[in-house]
Amino acid sequence: MAQGKIKGICMIFFIVPFLFLSGCGRLEDSDTLKARKVLNYHQGKFDNEPVSGKLEGGVRVVEVKAYRFFFEPPKIVVNKGEKIRLVVSAEDVPHGFEIEGFEIPGYNIETVIMPGFPMTIDFIADEKGVWDIICTIYCGFGHSTMKGLFIVK
Ligand code: CUA
């Protein structure tokens, strides 16, 4: 076999796994990596957090109330692998809801949650981590400080 051919084959074995790995890496954006890092850092701390809401027919239902300028409860804690239903209600003025960096298929983070019209958000808590919850709709002077935590343990 010619030297060049062997070299060529070696290159393929080297390059293909590299492309594959870098392709997978793109699925984890910086928010996801940050969330995982935070969880790893606080591992013990979050293990002892009581789980939020209640199980209804295999779905963990958590009621979240949005006020100017905080969420109640301030921390939503769920177990990895659970089906989650968040029922988010605006208690005073219109608010928005986003778990920053946590992809929820079919949910538009720009949705305006109007008082009297709770928003139901269904998804699976498929990875461990800690994410910030933020309000995505301008709701007054404290809007940018309106935050919560979403913890999957
Ligand atoms: Cu609540 Cu912005």
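Every number for a ligand or one of its atoms is a count from 1 in the order of the listing. One is the number of the first residue; the rest follow in order along the sequence. What's counted below: heavy atoms across the whole structure, side chains too, no hydrogens, waters or symmetry copies.
- Between the Lys147 side chain and the Asp132 main chain, no donor and acceptor come within less than 3.5 Å of each other.
- Annotation: the span from Ile99 atom CD1 to Leu149 atom CG amounts to 10.5 Å, rounded to 0.5 Å.
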When the side chains of residues 86-93 are checked against the rest of the protein, which donor-acceptor pairs come out under 3.5 Å, sequence neighbours left out?
from, atom 1, to, atom 2, distance (Å)
Ser89, OG, Glu91, OE2, 2.7
Asp92, OD1, His95, NE2, 2.7
Asp92, OD2, Arg68, N, 2.8

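- Expressed to the nearest 0.5 Å, how far CD of Glu98 lies from CD1 of Ile121 amounts to 10.5 Å.
- Using the six-membered ring where Trp is involved, Trp131 and Phe102 have ring planes that are perpendicular, over 60° apart on the 30 and 60° scheme.
- Of the possible polar contacts, one joining the Tyr138 side chain to the Gly140 backbone as a donor-acceptor pair under 3.5 Å is found.
- The distance cut-off of 2.8 Å around atom 2 (Cu) of ligand 1 captures these protein N, O or S atoms, sorted by chain and number: Cys135 SG, Ile137 O, Cys139 SG, His143 ND1.
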